[in-house]
Amino acid sequence: MDFLGRDWTELAVAWQIQIIQRKDEEILKDIDEKLNGAISLNGVLDNNVIDDARKFFGSFTKNETFKVPLFKGLLAIEDPHTFIKCFRLLLPHMWV
């Protein structure tokens, strides 16, 4: 999927998570569960989710100006487990 990098609801739409008539906290919880389910202590369980997260993050850095160095640094993290852990922490703060 191509992301515009405007806000985290793009991930919800891509993953068919209901966003209409729901609170942001509920949507974020579902996205977080999807991200958490993509990894385990023993490895990667869903590469598609990780790829989508990286694509979204990459598109987000094109629209964000203030935090670009931080986000580009996180994109450089190669280990999927570490990337997802950091991504999950920052996700609620990602909007333009």
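The two residues W15 and L35 have their closest heavy-atom pair at CH2-CD2, 3.6 Å. Between L90 and L74, the closest heavy-atom pair is CD1-CD1, 3.0 Å. Across every non-hydrogen atom of S40 and L45, the tightest pair is CB-CD1, 3.9 Å.
The closest side-chain heavy-atom distance from S59 to L4 is not below 4.5 Å.
Distance NZ/K29 to CD1/I17: 12.5 Å, rounded to 0.5 Å. A distance of 15.0 Å separates CZ of F56 from CG of D51, quoted to the nearest 0.5 Å. Interatomic distance, CG of D32 versus CG of L11, reported as 11.5 Å (0.5 Å rounding). For the atom pair CZ of F71 and SG of C86, the computed distance is 11.5 Å after rounding to the nearest 0.5 Å. Taken from CG in D46 to CG in N36, the straight-line distance is 12.5 Å, to the nearest 0.5 Å. With values rounded to the nearest 0.5 angstrom, D52 atom CG is found 11.0 Å from E10 atom CD.
In D79, the CG atom is crowded: over 12 heavy atoms of neighbouring residues, nucleotides or ligands sit closer than 6.0 Å.
Grouping the Ile, Leu, Val, Met, Phe, Trp and Tyr side chains by contacts below 4.5 angstrom, directly or via other members, places V44 with F83. The hydrophobic clustering, which links ILVMFWY residues whose side-chain heavy atoms are closer than 4.5 Å, places L89 and I27 apart.
Judged purely by distance below 3.5 Å, without hydrogens or angles, the side chains of D7 and T9 pair a donor atom with an acceptor atom.
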message: If you apply the rule side chain to side chain contact (heavy atoms under 4.5 Å, CB included), what do you find for L91 with L28, and how did you get there?
response: CA-CA 8 Å; L91 184 65; L28 278 168; 4.0 Å; yes
query: After noting the C-alpha distance and the side-chain angles of I50 and F87, does the key distance pass the side chain to side chain contact (heavy atoms under 4.5 Å, CB included) rule?
result: CA-CA 10 Å; I50 295 168; F87 186 83; over 6 Å; no
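Between the R54 side chain and the L75 main chain, a donor and an acceptor come within less than 3.5 Å of each other. Of the possible polar contacts, none joining the Q16 side chain to the A12 backbone as a donor-acceptor pair under 3.5 Å is found.
Of the charged side-chain nitrogens involved, at least one lies within less than 4.0 Å of a carboxylate oxygen, so that R22 and D30 count as a salt-bridged pair.
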